[in-house]
Amino acid sequence: MYGRFIQAIFTAVALVGWVVYQLAIRKKRFSEISSDVLFIVFFVAVWFGLCYWMLN
């Protein structure tokens, strides 16, 4: 169970790192990657919600 929680944390950090990479290194505007950011927020919210629900 805790393995899945750690996996969700790692995946969330990797996705946030990807957004930072797109903004800082590739110099894309936020408007160009806004759909990707919305997907990441949805993904993180669902995973953490499921993990919280299962651990409590």
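Side chains included, hydrogens not; waters and symmetry mates left out as well; all remaining heavy atoms used. This structure is a prediction, so every number in the text was calculated from the model and none was measured.
Clustering ILVMFWY residues whenever any of their side-chain heavy atoms sit less than 4.5 angstrom apart, transitively, puts V37 in the very cluster that holds W18. Both L23 and F39 are members of a single hydrophobic cluster when ILVMFWY side chains are connected at heavy-atom separations under 4.5 Å. Side-chain heavy atoms closer than 4.5 Å link hydrophobic residues (I, L, V, M, F, W, Y) into clusters, and following such links, possibly through other members, connects V44 to F30.
For residues 12-33, the salt bridge (charged side-chain N to carboxylate O under 4.0 Å, His left out) pairs, not counting sequence neighbours, are R29-E32.
Rounded to the nearest 0.5 angstrom, T11 OG1 and I40 CD1 are separated by 11.0 Å.
Scored by the ring-ring contact (aromatic ring centres under 6.0 Å, His included) test, F48 finds F5 as partners (sequence neighbours excluded).
Under the 4.5 Å side-chain criterion, counting only non-hydrogen atoms from C-beta, V19 is not in contact with D36. W47 is not listed as a side-chain neighbour of I9, based on a closest heavy-atom distance of 4.5 Å or more.
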